[in-house]
Amino acid sequence: MQNGIKHEAQQWGNDHGLEIDQHGIENIQIIKGPASLLYGSDAIAGVVNIQPNKILLPNSTKGEVNILGETNNDLLGVSAGISTRKQNWFYRGRLTYRDYADYKVPTDQINYENYIFNLHDNNLRNTAGNEADASFSIGFVGENITTETVFSNVNAKNGFFANAHGLEVRTSSIDYDRSNRDVDLPFHKVNHFKITNNTTVNLDNYTLHFDFGFQKNHIEEHSEPVPHGFMPTPPNPLERIFKKNTFTFNVRDAFKPNYKHDMVVGLNVEYQDNNIDGWGFLIPEYNRFTVGAFAYDQFEINSNLHFLGGLCYDYGFVDTKAYFDWFQSRVNNNDGSTSNVFLQRSKNKTVNFGNLSTSFGLSYIHNKTTYKVNVGRSFRMPLSSELASDGVNYHMYRYERGNINLDPEVSYQLDLDIEHSNDRFSIGVSPFVNIFDNYIYLNPTPNYYETLQIYEYTQAKVFRLGGELRANAAVSKQLLLNVSLEYVYSRQTSGPKEGFTLPFSPPLSTVLSVNYKLENLFFFKNPQFMADLRVTAAQEEIVPPEEKTAGYQVLNMSFLADLDVFKNNNPVEMRVKLNNVFDTKYFNHTSFYRLIDVPEAGRNVSVSFTIPF
């Protein structure tokens, strides 16, 4: 969520980063349990809520310049933002630009389909790119009303790893090692334009919240026009175009019927229209509509014991459009003859979904120990990609095939959180249990389309449990130690892969951290040194034909300080980070890069400055 609106782009591609400017964000809120029902059925696991920045006091102005540099991909970035308020009216604006070269990995070659690709200077060829963002908002603060309208645009061009398109790079005429900053084919361009309005009206004991949103997401994917199978040489490099428009309206009424209750009731409405173009196919054109009504209550039983409960009913439909290949393919008939036909990849089909989500919890505080328990039933509509994809997703190195007969996901969950803390020490544990009636996931099959493995969306009953253990200790005023451990166990209890875990399941992992506060030195004020060691176990619980992943240890270090360089002004914030200190070669089991023998990024030094004015 950003500014009260669910971010909507092309969710089928994990390679597509969030089209949100990372600079200028003051507060990110994580919402789980009954409160997540306020945000619709897609919040089946919770909400990452990027909240609006605080409004300035009357007759004030504040601004900052952010400068960022990174060594791994030679990134250079600059962002400048300013906010000003007169009496009732206020304005905000920000401009951001980032340019980066190819990423570096701690290996000089990869093995893809038994073919060795050498990497020049350890560069993942053609992974360079750039990003230009702009935003502006205007707002009004009155006695009983506060409103802000935000216009934002994120525009990026990113190269795809040249070897992502199978073995074609062997015969390509492009010199991918000519420069580590150029962006050659294949690449994609993303433009995300967003308008949001957040309005709050105070009426005695009622507070009305209105959120309006319009998002226009435009993605173009360009690749070398190379013939495949029965497809002749395409006429141009424009392989795919996705044009997705999303309209959102949310309304909430927060009120207190008495001093014991904090209640919220409301409605969320969303409509999507997705159009496609280009000579390649992955997902069809579709329309999607969802509407959900919810009620939430936080009841104070006493000062230390609170009850939280929520109900939400969601209804929606997905209307997919038919698509036929633009070229003919030869097919075998039942009588032994052959025909040349335009293969149909998707159908005109409307599927409807509706279901109830509920969640109830208790929060109790006793002798510096907090106890929280939540039980709930969640519901999620399938995405269009899960229902109707049928094509090559080169950026994920696989062929994806949807299933129009999928049922919505239904999950039953129990989660606990117990935390004890005092002035010097705290420890907490957060276990959870999930039972899915029909978990939707991409099932790896033993079949291949040319050199790409075919994955099929399927459903199965799934049992999951896991949790997080965390502890920290203040050894002294200067030294703080932290440790966290996380683990997830998954098991399919039905379907073709019964008895196996889920693909891309994270292994057992722990992080050991040290934070040491130094004395002021020269113009370094409030300096801090941090180091964290991530230890990840091997993942041997796999779904055939998935492969196992070895364990690894990665050390990261950071140095933070305020620079008192400008007299009579706020200090400059400096952050220096050194990731993967020993340039360790390792594979993240949850990453699709491991499928083509590409390790995680190598050593990286990141330096950033925030200069206020």
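Just so you know, residue 1 is the first one in the sequence shown, and it goes up from there.
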For F582, does the CZ atom have more than 12 heavy-atom neighbours from other residues, nucleotides or ligands under 6.0 Å away? no

Within the 3.5 Å criterion, strictly below it, is a donor on T501 or S505 matched to an acceptor on the partner's side chain? yes

Evaluate the ring planes of F463 and Y489, with Trp represented by its six-membered ring, and classify them as parallel (under 30°), tilted (30 to 60°) or perpendicular (over 60°). perpendicular

Greater than 12 external heavy atoms within 6.0 Å of K104's NZ: yes

Please list, chain by chain and in numerical order, all residues satisfying salt bridge (Lys or Arg N to Asp or Glu O under 4.0 Å) with D262, sequence neighbours excluded. K256

Can you establish whether the number of heavy atoms outside K347 located under 6.0 Å from its atom NZ is more than 12? no

Strictly by modelled atom types, are N158 and Y100 linked by a side-chain donor-acceptor pair under 3.5 Å? yes

Look at the rings of H261 and F299 and say which category their plane angle falls in: under 30° parallel, 30 to 60° tilted, over 60° perpendicular. parallel

Applying ring pair (Phe, Tyr, Trp, His ring centres under 6.0 Å) as the test, list every pair that has at least one member in residues 442-462; sequence neighbours left out. Y399-Y449

Listed by chain and number, what are the ring-ring contact (aromatic ring centres under 6.0 Å, His included) partners of F379, not counting sequence neighbours? none

What pairs with S41 under side chain to side chain donor-acceptor pair (under 3.5 Å), at least two apart in sequence or on another chain? none

With D211 via salt bridge (Lys or Arg N to Asp or Glu O under 4.0 Å) - residues at least two apart: R252

Can R470 and S430 be counted as having a side-chain donor-acceptor contact under 3.5 angstrom? yes

Under a 4.5 Å cut-off applied to non-hydrogen side-chain atoms, are N198 and H209 in contact? no

How about I219 and R240: do any of their side-chain heavy atoms sit closer than 4.5 Å? no

Between CG of N393 and CZ of R401, what distance do you get to the nearest 0.5 Å? 14.0 Å

Should V535 and L533 count as side-chain neighbours, where that means a heavy-atom distance under 4.5 Å? yes

Between H7 and E19, is any side-chain donor less than 3.5 angstrom from a side-chain acceptor? yes

Results of side chain to side chain donor-acceptor pair (under 3.5 Å) for E546 - residues two or more places apart only: H589, R594

With a 4.5 Å heavy-atom cut-off, do Y39 and I31 have their side chains touching? yes

Just checking, is any N or O donor in the side chain of E600 or N588 under 3.5 Å from an acceptor N or O on the other one? no

Assess the side chains of N274 and Q10: does a donor N or O sit below 3.5 Å from an acceptor N or O? yes

Rounded to the nearest 0.5 Å, what separates atom CG in L311 from atom CG in L356? 6.0 Å

Taking all heavy atoms of F307 and all of F360, pick out the closest pair and write down the distance. CZ-CD2, 3.7 Å

Sort and list the pairs that fulfil salt bridge (charged side-chain N to carboxylate O under 4.0 Å, His left out) and have at least one residue in residues 402-415, not counting sequence neighbours. R380-E409

State whether K461 and D437 are salt-bridged, where the test is any N-O pair (Lys NZ or Arg NE/NH1/NH2 against Asp/Glu carboxylate O) under 4.0 Å. no

Which pairs, with at least one residue in residues 349-363 and sequence neighbours excluded, count as a side-chain hydrogen bond (donor to acceptor under 3.5 Å, both in side chains)? Y315-N352, D319-T350, N355-R377

For the residue pair N287 / Y271, report whether a side-chain donor-acceptor contact shorter than 3.5 Å exists. yes

Under the side chain to side chain donor-acceptor pair (under 3.5 Å) test, which residues partner K497, sequence neighbours left out? N443

Heavy-atom pair with the smallest gap, counting every atom of A601 and V105: CA-CG1, 4.4 Å

N-O pairing of D423 and K368 below 4.0 Å: no

dist L406:CG -> T458:OG1 (nearest 0.5 Å) comes out at 7.5 Å

V318 and R288: which non-hydrogen atoms are nearest, and at how many Å? CG2-CG, 3.9 Å

Partner of N217 under side chain to side chain donor-acceptor pair (under 3.5 Å), picked from Q272, H192, E8, K244, is H192

State whether the side chain of T127 and the backbone N or O of L124 hold a donor-acceptor pair below 3.5 Å, judged by distance alone. yes

With a 4.5 Å cut-off on side-chain heavy atoms, are F289 and V269 touching? yes

Is there a donor-acceptor contact under 3.5 Å linking the side chains of S509 and R534? yes

If I compare all heavy atoms of M263 with all of D297, which pair ends up nearest, and what's the gap? CG-OD1, 3.3 Å

Are Q51 and Q29 linked by a side-chain donor-acceptor pair shorter than 3.5 Å? yes

Mind checking the CG-CG spacing from L452 to N447? Nearest 0.5 Å is all I need. 13.0 Å

Check whether any side-chain heavy atom of V154 lies under 4.5 Å from a side-chain heavy atom of E131, and answer yes or no. yes

With sequence neighbours excluded, residues passing salt bridge (Lys or Arg N to Asp or Glu O under 4.0 Å) with E541: R491

Which heavy atom of T584 sits nearest a heavy atom of N580, and at what distance? N-OD1, 2.7 Å

Nearest 0.5 angstrom please: T320 OG1 to I404 CD1, how far? 4.5 Å

Once the angle between the rings of Y439 and F436 is folded into 0 to 90°, is it parallel (under 30°), tilted (30 to 60°) or perpendicular (over 60°)? perpendicular

Kindly give the heavy-atom pair with the smallest separation between D390 and F281, and that separation in Å. O-CD2, 3.2 Å

Check: N367/T369 side-chain N/O donor and acceptor closer than 3.5 Å: no

Between S378 and Q413, do the side chains contain an N or O donor and an N or O acceptor separated by less than 3.5 Å? yes

Counting only heavy atoms not in E498 (residues, nucleotides, ligands), do more than 12 fall under 6.0 Å from its CD? yes

Can you establish whether the number of heavy atoms outside K577 located under 6.0 Å from its atom NZ is more than 12? no

Side chain to side chain donor-acceptor pair (under 3.5 Å) with N604: which residues, sequence neighbours excluded? none

Residue list, ring-ring contact (aromatic ring centres under 6.0 Å, His included) with Y296, at least two apart or on another chain: none

Enter the distance from N579:CG to N72:CG here, rounded to the nearest 0.5 Å. 9.5 Å

